[in-house]
Protein chains: 2
Amino acid sequence: MPRDAAPPRRERLDRDRVLRAAVALADDSGLDAVSMRGLAQHLGVVPMALYKHVADKDELVSGMVDVVLGEIEPPDPALPWKEALRARVLSARRAVLRHPWARRAIEGSTRRTPTVLAHMDAVAGGFRAGGLSPDLTHHVMHALGNRIWGFSPELFEEPAPAEPPSPEQQEAMGREFAQRYPHILEIAVAATRGDLSRVGGGCDEQFEFEFALELLLDGAERLHRAGWASAAR
Amino acid sequence: MPRDAAPPRRERLDRDRVLRAAVALADDSGLDAVSMRGLAQHLGVVPMALYKHVADKDELVSGMVDVVLGEIEPPDPALPWKEALRARVLSARRAVLRHPWARRAIEGSTRRTPTVLAHMDAVAGGFRAGGLSPDLTHHVMHALGNRIWGFSPELFEEPAPAEPPSPEQQEAMGREFAQRYPHILEIAVAATRGDLSRVGGGCDEQFEFEFALELLLDGAERLHRAGWASAAR
DNA sequence: ACCTGAACACCGTTCAAGT
DNA sequence: ACCTGAACACCGTTCAAGT
């Protein structure tokens with residue numbers, strides 16, 4: 001049998017191809033579709049073949065997150081510090097919104113890859129550029145929490161109801177709510193400008209994100225101007 | 001065969017017994033130990049027996065969260081609004097810290113049970129008692145995010161390293177970091193007061209939580225005093 | 001009304017082998 | 001160096017039956 005028998009049936013795998021395929025699969029079919037077995041099948045390969053390129057499932061997901069974070073654009077260096085930070089965080093948000101599974105992947109991810117550390121370092125650098133102390137920068141970054149990745153927890157997230165509620169159901173729900181949860185009802189009325197049929201539409205997450213971001217950036221600036229230092233130092 | 005043959009081998013299951021057993025199992029062995037099969041075995045019962053008492057896994061976890069949220073103590077009604085809110089949220093925090101799995105369960109949970117809604121309503125009521133508009137209350141609650149449940153995302157969380165790094169490793173790590181992540185290094189130095197061997201100890205989560213909580217409550221009060229209203233109204 | 005048994009369609013990962 | 005096959009020890013859930 002001559003040794004030019006069978007050409008390789010497909011391109012060689014490498015880490016990059018595995019990660020890009022995983023990202024594409026998650027974009028198309030959601031994060032749950034990205035199992036080691038499902039991804040392998042997608043690549044026309046046996047599950048165990050993937051383990052030559054990623055140590056385990058966790059590293060696969062971290063790698064996928066790195067791909068997303070790679071899409072963050074650094075802000076114009078000429079920008080004043082607050083605008084630069086806002087731009088960086090909103091760029092992270094655009095990247096995360098492009099890949100709807102990324103939020104969950106980041107929340108569940110346990111690995112601090114170089115890409116993750118680089119973004120955290122850049123955000124910290126943004127505050128330092130504004131003159132905030134390392135101490136204050138540290139605590140403010142904790143306060144921002146996952147917002148440095150461009151998302152906030154979806155507090156009022158709703159599992160899309162199969163059917164939009166009928167007017168009667170709405171009526172009944174309204175009465176039930178008014179009794180038991182009067183303050184949530186008030187909020188829902190305010191958020192939908194009185195049109196409760198739009199309650200299912202959810203909140204304007206972009207507005208909520210920017211509202212919280214401004215609140216926290218302003219708070220940080222105010223504490224900095226006031227010469228804040230943690231009591232322990 | 002007389003009908004008094006075999007007495008029931010164990011107490012009858014009911015929803016409450018199932019949920020309490022699940023909470024106890026998670027407290028002892030972590031959330032991953034609470035599989036339908038694992039819990040069933042723990043109860044000396046076949047997996048399918050549980051499905052008479054909870055619709056599915058998701059409802060089991062929601063029920064477990066409800067048990068935890070049931071431990072929140074309402075604040076003294078005589079308290080001024082900010083202190084009352086702080087007390088309520090810190091009580092939620094104590095409940096969540098008592099059950100280390102609860103954070104993850106809340107983040108992953110998709111169901112808004114009456115217990116969940118009741119807590120959200122109480123927090124909203126706290127802001128309303130301070131005179132904040134439903135509009136402002138809504139946005140501030142978004143800004144608080146998961147902090148209303150008493151936890152913030154663990155930004156700098158580290159997977160406990162098997163071995164504490166040797167002084168040489170620390171040295172090397174420090175040099176590597178100083179080069180690539182100078183701002184994170186600064187923060188680590190500030191947080192550990194210069195003793196980098198304590199970096200593995202993690203941050204003072206209680207301090208970070210209260211810092212962010214105060215920042216957000218103060219920000220809310222400031223906006224309220226300034227007569228803030230969202231542009232859209 | 002409540003519980004059981006067997007089965008279905010999945011997981012991540014180890015180990016020993018193939019080319 | 002890279003991929004395969006078979007196996008292990010798990011999942012959640014459906015369906016039809018038992019008492």
Side-chain angles (χ1 to χ4, degrees), chain A residues 1-22 25-26 28-65 101 104-105 108-111 159, chain B residues 1-22 25-26 28-65 101 104-105 108-111 159:
Chain A
M1 218 152 161
R3 46 145 105 142
D4 58 341
R9 273 156 304 187
R10 65 192 145 267
E11 266 193 275
R12 272 285 202 62
L13 280 185
D14 59 32
R15 195 166 200 276
D16 220 65
R17 255 168 61 73
V18 168
L19 293 183
R20 288 207 319 272
L25 182 56
D28 283 358
S29 315
L31 194 55
D32 290 334
V34 184
S35 61
M36 295 303 274
R37 298 172 110 105
L39 177 59
Q41 195 179 18
H42 199 73
L43 284 161
V45 112
V46 97
M48 279 317 295
L50 301 175
Y51 284 82
K52 272 271 119 65
H53 304 102
V54 292
D56 53 23
K57 175 82 187 274
D58 216 62
E59 198 187 290
L60 174 68
V61 175
S62 302
M64 293 169 67
V65 169
W101 48 270
R104 193 147 66 92
S109 175
T110 161
R111 261 169 244 235
Chain B
M1 216 147 151
R3 49 145 104 139
D4 60 340
R9 274 155 304 186
R10 67 195 141 265
E11 268 191 275
R12 273 286 202 61
L13 283 185
D14 59 32
R15 194 165 200 278
D16 219 63
R17 256 169 58 75
V18 169
L19 293 183
R20 287 207 320 272
L25 182 56
D28 284 358
S29 315
L31 194 56
D32 290 334
V34 184
S35 60
M36 296 301 275
R37 298 172 110 106
L39 177 58
Q41 195 180 16
H42 199 74
L43 284 163
V45 109
V46 95
M48 280 315 297
L50 301 176
Y51 284 83
K52 272 273 118 66
H53 304 102
V54 291
D56 53 24
K57 176 81 186 278
D58 216 62
E59 197 187 291
L60 174 69
V61 176
S62 301
M64 294 169 66
V65 169
W101 48 270
R104 195 148 64 90
S109 175
T110 160
R111 260 169 246 236

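Chain letters run A, B, ... following the sequence lines, proteins first and then strands; every chain starts at 1.
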Between D:dC11 (C1') and B:Leu31 (CG): distance, integer Å: 14 Å
Below 4.0 Å: OP1/OP2 of D:dC2 and any side-chain N or O of A:Lys52: no
side-chain contact (heavy atoms from CB on, under 4.5 Å) partner of A:Arg15, chosen from A:Arg20, A:Lys52, A:Glu59: A:Glu59
Side chains of B:Arg111 and B:Val61 in contact at under 4.5 Å (non-hydrogen atoms): no
D:dT19: pairing nucleotide in any strand, Watson-Crick or G-U under 3.5 angstrom: C:dA1
Under 3.5 Å donor-acceptor, B:Arg17 side chain and B:Arg12 backbone: yes
For atom CG of B:Leu60 and atom P of D:dC11, their distance in whole Å: 13 Å
Interatomic distance, B:Asp58 CG vs D:dT13 C1' [rounded to whole Å]: 14 Å
Smallest separation among heavy atoms of B:Leu31 and B:Trp101, with atom names: CB-CB, 3.9 Å
Between P of D:dC11 and CD of B:Gln41, the distance in whole Å: 9 Å
Rounded interatomic separation in angstrom, taking CE from A:Met48 and P from D:dT4: 11 Å
Any-strand Watson-Crick or G-U partner of C:dT13, both distances under 3.5 Å: D:dA7
Of A:Lys57 and B:Asp14, the one whose closest DNA chain C nucleotide lies more 5': B:Asp14
For atom CG of A:Asp32 and atom P of C:dC10, their distance in whole Å: 13 Å
A:Leu50 CG to C:dC11 P, straight-line distance once rounded to whole Å: 12 Å
Span that lies between the P atom of D:dC10 and that of C:dA9, in whole angstrom: 22 Å
Salt-bridge present (A:Asp32, A:Arg104; N to O < 4.0 Å): yes
Any A:His53 side-chain nitrogen or oxygen under 4.0 Å from OP1 or OP2 of D:dC2: no
Options D:dC3, C:dC11, D:dT13, nucleotide nearest the side-chain atoms of A:Leu13: D:dC3
Integer-rounded Å distance: D:dT19 P and B:Arg12 CZ: 16 Å
Phosphate OP1/OP2 of D:dT13 contacted by B:Tyr51 side-chain N/O (<4.0 Å): yes
